[in-house]
Asker: 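Take this structure, written in structure tokens, and hold onto it; I'll ask about it next.
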Amino acid sequence: MLPGIPCSSYNMQNQITTGAPQTGFRCDPSAAVRSAGKNTAPGTDIRAIGTLKSFDEAARQGYREDYSIQDAAESLWRKETQTIHLKDLEDPEKSKEFLENWRLQARWDLGIQGGPTKDEVISAYIQGLRQNGLSGEVDFSVLTRELASFKATTPEELEDGLDYVASRYVALLDKLERNFQGEELAARTAKLEEVYQAGKAEMINGYTQFLQDNLGLSDSNAQTVRDSLSAILAGKEEACRSTLKQVHEAVEQAGPDSLWLQNHDAYIASQLRAASTAGMAGESQPLYSVQDLAAAGQIAQSYQKEIAYASSLRNEAVLALDLSMADMKAETMISQGLVSENMAALLRESRAQGHENVLSALNQALARRENTRAPGEPKGTFAPVDRAVFQGIYRATMDAYRQNGGDAVKAIQAGVSAGQKLTAQAAAKAPKAARWGNSIKSYWQEFYKTPETRTPSRLDTQMNNLLILAGRTARPPCSAYQQYVTSWQDFLTSMGGGVDVRA
């Protein structure tokens, strides 16, 4: 499940040309979509919010697969010219030089014409690198910041993140072993191990906690996830080690640039990621693959959003439909063989606890609101969770999904039919509950209606603003039903399928 083919030495050497931008050595690009610390409570992690990126990608050197010699030189130039210490501010010449370089970089970033071009500046800078080379030292504060940016790894970036962390470690260890020996090497290697192990643990624990909080994993299942992530990283480290010689042979063909490139650990790491096999090394295989864990993360994101919605008093009926949709997606991935049998068992085993996490969040929100009722709001306005409503709608939806051959859209229709009856019963039991009665009646009456025009609600405006910030197209007004249809369409499209959406 971890595709990848190592590039040939010939191809690697022929892709390096002195001083010119390169596309990297990746021969078999990953199909993973790239895309946000540790959860303090279920549903609080920012990973759940749309596609907005929250990780500190600026901290990552050569994170993308295309990292050219020009890029490597520019990263050094930026660090050298745009970092200033407080003591340097007292030096007028250093302050002036810093401001000039900062303005120069700002012009480039904004596309403002005038002054030396980026190519001119970086080409001149490369000439100095060719003459002087680079130090063999490691900036551990920079590495710490890089690794910290993976504490809240998203499912979309999981495999790329694991590749990055493993390749950086192997490249840095290789750099130290080539430049130092004896006590100097031992001290620096010990520091590298300290920083790397801490960063690796934060990444593994952060992703595991994300799954556990939102999917309701048991402690034993969470430990298995940690063990799998550790094994995957160990395999990727070994894959990078096996490619080191190949990468260095290619760098030696870079002519005058080879002098400094061999000590540019971020560049070496980028080439290791591009050239290494993506498969696991050794005989031991993790219980869960990267694909398994990324799929689990996608389901966890859905649950996480529902926990957040529940905390904002979304009612049991809508939560049941939403979680049904998430679980139908999980069942479809299972039936299509997109996750292993082990992961299928994990998702199904944890499902009841995941539901309970959502309902508990709603119950707590209702209790808080009941205890702070506004003047005129009668006792029972925010009655406790009615689990019969949730379970009845959820069962009706999932039963229809299984019986109709996996059509989630028709299953949602069955859930709505059940919901109309069950919420009427809930209103009879708790007539003062604000979320039942006319409120839910109106919701069901409007469920299938697609307004041609309407004044956008405040929520519509907020969601469209988020979509625009994420680089996506604002959504037109649509019915609640159409939102479920679109969600299912998008899911099937992501798997390479399609759906007949005729009502």
Side-chain angles (χ1 to χ4, degrees), residues 39-45 48 212-218 299-328 330 347-374 376-401 411-412 414-447 459 480 483-484:
N39 298 4
T40 56
T44 59
D45 196 308
Q212 186 170 24
D213 284 346
N214 296 293
L215 292 180
L217 305 187
S218 66
I299 302 302
Q301 284 177 328
S302 297
Y303 271 65
Q304 189 180 55
K305 282 187 277 191
E306 297 313 311
I307 291 173
Y309 290 147
S311 299
S312 300
L313 298 177
R314 176 167 286 190
N315 67 57
E316 300 92 312
V318 181
L319 291 174
L321 292 177
D322 288 354
L323 288 174
S324 296
M325 179 61 73
D327 292 345
M328 288 187 288
L347 291 173
R348 288 167 172 162
E349 179 184 333
S350 65
R351 194 168 287 165
Q353 185 57 51
H355 293 176
E356 184 57 34
N357 288 351
V358 175
L359 294 178
S360 293
L362 175 58
N363 223 15
Q364 291 170 19
L366 288 168
R368 287 193 299 269
R369 190 66 183 84
E370 178 70 14
N371 291 332
T372 57
R373 296 190 310 277
E377 290 181 334
K379 185 176 182 180
T381 299
F382 302 95
V385 164
D386 190 329
R387 281 174 165 75
V389 171
F390 176 87
Q391 294 294 348
I393 296 174
Y394 178 82
R395 280 197 299 268
T397 307
M398 296 302 294
D399 287 348
Y401 168 81
I412 288 293
V416 171
S417 295
Q420 291 172 316
K421 299 174 184 177
L422 289 163
T423 53
Q425 295 170 8
K429 288 192 300 181
K432 294 180 181 179
R435 63 189 185 279
W436 306 134
N438 290 331
S439 175
I440 196 67
K441 282 183 182 178
S442 176
Y443 178 76
W444 298 129
Q445 289 169 358
E446 300 294 322
F447 188 83
L459 179 60
Q483 291 179 31
Y484 287 107

Asker: Which pairs of donor and acceptor atoms, one on a side chain in residues 390-397, lie under 3.5 Å apart (sequence neighbours left out)?
Answerer:
unit_1: Tyr394; atom_1: OH; unit_2: Asp327; atom_2: OD2; d: 2.7
unit_1: Thr397; atom_1: OG1; unit_2: Ile393; atom_2: O; d: 2.8

Asker: Just by distance, do the side chain of Asn363 and the backbone of Val385 share a donor-acceptor pair under 3.5 Å?
Answerer: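 Yes: the side chain of Asn363 pairs with the backbone of Val385.
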Asker: Between Ser439 and Ala434, what is the shortest heavy-atom contact and its length?
Answerer: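 In this case the closest contact between Ser439 and Ala434 is CB-O, 3.5 Å.
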Asker: To the nearest 0.5 Å, what is the distance between CH2 (Trp436) and CD (Gln425)?
Answerer: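 Spacing of CH2 (Trp436) from CD (Gln425) equals 11.0 Å.
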Asker: Distance from Arg351 atom CZ to Met398 atom CE, nearest 0.5 Å?
Answerer: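 Between atom CZ of Arg351 and atom CE of Met398 there are 5.5 Å.
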Asker: Give, for atom OG of Ser324 and atom CG of Asp399, the distance between the pair rounded to the nearest 0.5 Å.
Answerer: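 Separation between the atoms: 10.0 Å.
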Asker: When you compare the side chain of Ile440 with that of Gln420, does any pair of heavy atoms fall below 4.5 Å?
Answerer: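 No, every pair of side-chain atoms sits at 4.5 Å or beyond.
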Asker: Do Thr423 and Val389 make a side-chain contact, defined as non-hydrogen atoms from C-beta onward lying under 4.5 Å apart?
Answerer: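 When only atoms from C-beta onward are counted, Val389 and Thr423 do touch, with a gap below 4.5 Å.
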Asker: Please check this pair: side chain of Glu377 against backbone of Ala374, looking for a donor-acceptor N/O pair closer than 3.5 Å.
Answerer: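 At least one qualifying donor-acceptor pair exists.
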Asker: Could you state the interatomic distance from CZ (Phe382) to CZ (Arg373), rounded to the nearest 0.5 Å?
Answerer: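 If I round to the nearest 0.5 Å, the distance is 9.0 Å.
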Asker: Run the salt-bridge test on Lys379 and Glu370 with the 4.0 Å N-O cut-off and return the result as yes or no.
Answerer: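 No, Lys379 and Glu370 are not salt-bridged.
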Asker: Going from CG on Leu362 to CD on Glu306, what distance comes out if it is rounded to the nearest 0.5 angstrom?
Answerer: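 The distance works out to 11.0 Å.
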Asker: Any chance you could measure Leu359, atom CG, to Leu323, atom CG, to the nearest 0.5 Å?
Answerer: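 Between atom CG of Leu359 and atom CG of Leu323 there are 7.5 Å.
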Asker: Kindly state each residue pair satisfying salt bridge (Lys or Arg N to Asp or Glu O under 4.0 Å) with at least one member in residues 436-445, sequence neighbours excluded.
Answerer: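 Matches after skipping sequence neighbours: none remain.
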Asker: Ignoring hydrogens and geometry, is there a side-chain-to-backbone donor-acceptor pair from Arg435 to Ala383 under 3.5 Å?
Answerer: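 Yes.
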